[in-house]
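In this text, all values refer to a predicted model and were calculated from it rather than measured experimentally.
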Amino acid sequence: MGTWTREELQRAHDKYVATAQEAAASGNWKLWADQFTDDAEYNEHHYGRMQGRAAIEQWITETMAQWPNSEMKAFPHDWCVCDEERGWWICQIENRFVDPGDGETYEAANITILHYAGDDKWSYEEDAYNPANFAPVVTAWMDAKRAHG
């Protein structure tokens, strides 16, 4: 038996997903960072490791304000596995760009590992992805954006 119930783990994950959407739509990434514990660790394979909620907030705010990241406004989860014993979620998350005007979907996936800490807080996140998978998506999105104004 794990520390948390499946229901609590599901609620926390659902809140994580909803808060990411709200932060992306509003540009207020503090909302998303506030879901982490004060001493949380964030391991982002491209950008490195961040320690603490304040460092996570600074990094995500700056990163998501930069182009082309600023054009990613949705992060749907394709699939998730919950390890109830550990309180971990492992998910494939799409990084979806706004519609450039052609109605097509432009996105690239990453694998995210989350460690739950209780009280709707996360103590750890790790994002793994292949940057080479993002380059053709960004190029295709830019081409479509130019073609559709």
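Two rings, from Y116 and W88, have their centers 6.0 Å or more apart.
Summarising the geometry of Q21 relative to K73, their closest heavy-atom pair is NE2-O, 3.6 Å, with the distance given to 0.1 Å. Listed here is the closest heavy atom pair of L31 and T19: O-CG2, 3.4 Å. Closest approach of A65 to S70, counting heavy atoms only: O-CB, 3.8 Å. Between S123 and T37, the closest heavy-atom pair is CA-OG1, 3.7 Å. Across G118 and W4, no two heavy atoms sit closer than the pair CA-NE1, 3.5 Å. Nearest heavy atom pair, residue M72 against residue M64, reads O-CE, 4.1 Å.
Residue Y129 forms a side chain to side chain donor-acceptor pair (under 3.5 Å) with just one option from E44, Q92, H46, and that option is E44. Applying the side chain to side chain donor-acceptor pair (under 3.5 Å) test between E126 and each of R49, H115, H45 identifies H45 as the sole match.
Looking at Y47 and E62, their side chains never bring a donor and an acceptor atom within 3.5 Å of each other. In this structure, a donor-acceptor pair under 3.5 Å is present between the side chains of E125 and Y42.
Residue W29 is grouped with residue W67 when hydrophobic side chains (ILVMFWY) are merged at heavy-atom distances under 4.5 angstrom, including chains of intermediate members. A continuous path of hydrophobic side-chain contacts links I113 to V81 [ILVMFWY only; heavy atoms under 4.5 Å].
The neighbour count for D119 CG, taken as heavy atoms of other residues, nucleotides or ligands under 6.0 Å away, does not exceed 12.
Put simply, the side chain of C82 reaches to within 4.5 Å of the side chain of R6, judged on heavy atoms. Within the 4.5 Å cutoff, the side chain of C80 has heavy atoms near those of the H13 side chain. Residues Y16 and T112 have side chains in contact (heavy-atom distance under 4.5 Å, counting atoms from C-beta outward).
Rounding to the nearest 0.5 Å places CG of D120 at 12.0 Å from CG of D34. With rounding to the nearest 0.5 angstrom, the CD1 atom of I60 is 14.0 Å from the NZ atom of K30. Annotation: the span from D14 atom CG to H77 atom NE2 amounts to 9.5 Å, rounded to 0.5 Å. The distance from atom OH of Y124 to atom CG of L114, rounded to the nearest 0.5 Å, is 10.0 Å. Taken from CD in E57 to CZ in R53, the straight-line distance is 9.0 Å, to the nearest 0.5 Å. To the nearest 0.5 angstrom, M50 atom CE is 4.5 Å from W59 atom CH2.
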Using residues 131-147 as the side-chain source, report each donor-acceptor pair under 3.5 Å to any protein atom, sequence neighbours left out, with the distance given to one decimal.
residue : atom : partner : partner atom : Å
T139    : OG1  : A135    : O            : 3.0
W141    : NE1  : V98     : O            : 2.8
D143    : OD1  : R146    : NH2          : 2.7

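Using modelled atom types, no side-chain atom of N110 and backbone atom of D127 make a donor-acceptor pair closer than 3.5 Å.
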